[in-house]
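Comments concern the structure below.
Owing to the predicted nature of the structure, the values given are computational and were not obtained by experimental measurement. By convention in this document, chain letters (A, B, ...) are assigned in the order of the sequence lines, proteins followed by strands, and residues within each chain are numbered from 1.
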2 protein chains.
Amino acid sequence: MSADGATRIEDWTERFQGTRALPRAVRDRLIRAARIVRIGKGTQVFGPDNVPDRLFFLYDGRIRVSQTSEGGREIVLYRVEAGDSCVLTTACMLAEEAYNAEGIAETDVTAVVLPKPDFDRLVAEEEPFRKFVFDAYSRRLIDMLRVVDDVAFGRIDVRLAERLLALAGDMKEVAATHQDLASELGTAREVISRVLADFQKRGLVQQSRGRITLADKAGLRALAESA
Amino acid sequence: MSADGATRIEDWTERFQGTRALPRAVRDRLIRAARIVRIGKGTQVFGPDNVPDRLFFLYDGRIRVSQTSEGGREIVLYRVEAGDSCVLTTACMLAEEAYNAEGIAETDVTAVVLPKPDFDRLVAEEEPFRKFVFDAYSRRLIDMLRVVDDVAFGRIDVRLAERLLALAGDMKEVAATHQDLASELGTAREVISRVLADFQKRGLVQQSRGRITLADKAGLRALAESA
DNA sequence: GCCTCTTGCGTGACTTTGTCACCGACACCG
DNA sequence: CGGTGTCGGTGACAAAGTCACGCAAGAGGC
């Protein structure tokens, strides 16, 4: 929100469900314990060789969490938006297990980083914070259920239509290469090319290099919902 | 383990990582608060129209958690074994959202059921228990990562070989129909039939109605690991 | 401008996986 | 012994993924 990039974050605890409801004293303690970090667009926030030992709360921006196969193919698992916490990192911290998911900053990101001891104390002592953390976990589990359902049982044309609409938001253009879209859905570039060619023939989209124009959103929505 | 079905469970808190480490007084309190339930093999433990409002700890037996698509196809997400807790139910309880996964008792099951208030208190007050719950969540998330990877990027012959070995354990037979195996992997019965026919031709397995004999486990393992 | 190089995209041929329709084989049961 | 339901086999086709190309649109250098 703050248009001025130099603005200090006065009270980030206002930003999160899990901290907003806490007593003033606790919030002040948190503000002292936490660090604010800014991460440039495109940076890897966490990954197989970059296991964080701290907790992550996303103040501003968006992180894309994806998984890469041995063969180099990629699939997007979910996105972490502002106001949410990044639980895959905590999952890993707590389980101390290997996983091959990674988080990429999709925009410039401002995050609150909390050392694990402070996190533990907070979870122990504060009910609202606990609820926040469990909610985040639940949301991710449910996201993953959706991904499994899509990948195992969904048609790619339907999934692509969905994803294009989601990526466009209110806009009517999506800036993405065919390869980008393939990585979104965990498929191959050629498949996307063919499906998009078909969409174009049907007047649903128009294409130019690295850019898809959604010419008929209603049509795409109809396709997306013909699940 | 107790061959005598009438045997009372003396101290189930010994059975779980998360409760074993607790002070005696807390454990006694828990034993008073919890109920022991026995569930017959094949029963649905939870599901879309069967949302639990209690916490589940698996004392004995095994629960298979699977997801079913609109088209009626099914895929196994993971299994909950004795000593573990069933977090999808808690995920749902906490998020109070709809999901279309279900849990089926794969064997006769003995479980400890803890009312939510007691669960909350335990999470708040006891560090070892908290760790136990978070671990369970992490494990599931990681299981799901694996499922996504398999479904999106894996070959079915490899996945089938893996699954056959896992289902057989130390035995060299698997009692499952082709349809059962298709539901394990989220594919169609015909696909399993064809792959098994191929396995048979290669001398890896032998088949009879509802029963697969793993004739060459080493060969299957080699195939499974040729990821 | 013009050349070159990278990156994005199109395409055809082929393999793998999933779908559909159908039928035969087996087991169980009266 | 004949019905009846489940299980598995099969062939033809559709959808999706793989492989090997080659062309073309920009970006940058000269």
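In this structure, A:K217 and A:M171 approach most closely via the heavy-atom pair NZ-O, 2.7 Å. Pairing each heavy atom of B:G61 with each of B:T107, the nearest pair is CA-OG1, 3.1 Å. Taking every heavy atom of both residues into account, A:K41 and A:E106 meet most closely at CG-O, 3.6 Å. Between B:R140 and B:D84, the shortest heavy-atom distance links the atoms NH2-OD2, 2.7 Å.
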Review item, nucleotides 20-29 of chain D N/O atoms under 3.5 Å of protein N/O:
unit_1, atom_1, unit_2, atom_2, d
D:dA25, N3, A:R209, NH2, 3.4

Shorter than 3.5 Å, N or O on both sides, protein versus nucleotides 13-17 of chain C: list them out with atom names.
unit_1, atom_1, unit_2, atom_2, d
C:dT17, OP1, B:I156, N, 3.2

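Here B:R73 reaches the OP1 or OP2 of C:dT19: one of its side-chain N or O atoms lies under 4.0 Å away. Note on A:H178: every side-chain N or O is 4.0 Å or more away from OP1 and OP2 of C:dT7.
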Applying salt bridge (Lys or Arg N to Asp or Glu O under 4.0 Å), run through A:D198 and A:R202 and close with a yes or a no. CA-CA 6 Å; A:D198 180 57; A:R202 294 204 260 160; 3.3 Å; yes

Under the criterion salt bridge (Lys or Arg N to Asp or Glu O under 4.0 Å), I'd like the reasoning laid out for A:E81 against A:R139: C-alpha separation, chi angles, the key distance, then a yes or no. CA-CA 12 Å; A:E81 309 266 352; A:R139 209 119 21 83; over 6 Å; no

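For the pair A:Q179 CD and D:dG17 P, the interatomic distance rounds to 13 Å; values are reported in whole Å. When the P atom of C:dT7 is taken as reference, atom CD1 of A:I192 falls 21 Å away, rounded to whole Å. If you take CZ of B:R211 and C1' of D:dT6, they are 16 Å apart, rounded to a whole angstrom. To the nearest angstrom, C1' of D:dG8 lies 17 Å from CZ of B:F199. Rounded to whole Å, atom P of C:dT11 lies 10 Å from atom CD of A:Q200. Atom NZ in B:K201 sits about 12 Å away from atom P in D:dG9, given to the nearest Å. Taking atom CG of residue B:L181 and atom P of nucleotide D:dG9, one finds them 12 Å apart after rounding to whole Å. Taking atom CD of residue B:Q207 and atom P of nucleotide C:dA25, one finds them 17 Å apart after rounding to whole Å.
For A:F132 and A:Y137, the ring centers sit 6.0 Å or farther from each other.
Both A:A197 and B:R159 lie close to DNA chain C; mapped to their nearest nucleotides by heavy-atom distance, the more 5′-ward contact belongs to A:A197. Residues A:A152 and A:S208 each lie close to DNA chain C; by heavy-atom proximity, the contact nearer the 5' end of the strand is made by A:S208.
Judged by a 6.0 Å distance limit and a 45° cone about the ring axis, B:R15 is positioned over the six-membered ring of B:Y59.
Counting only N and O atoms by type, the side chains of B:E190 and B:H178 include no donor and acceptor under 3.5 Å apart.
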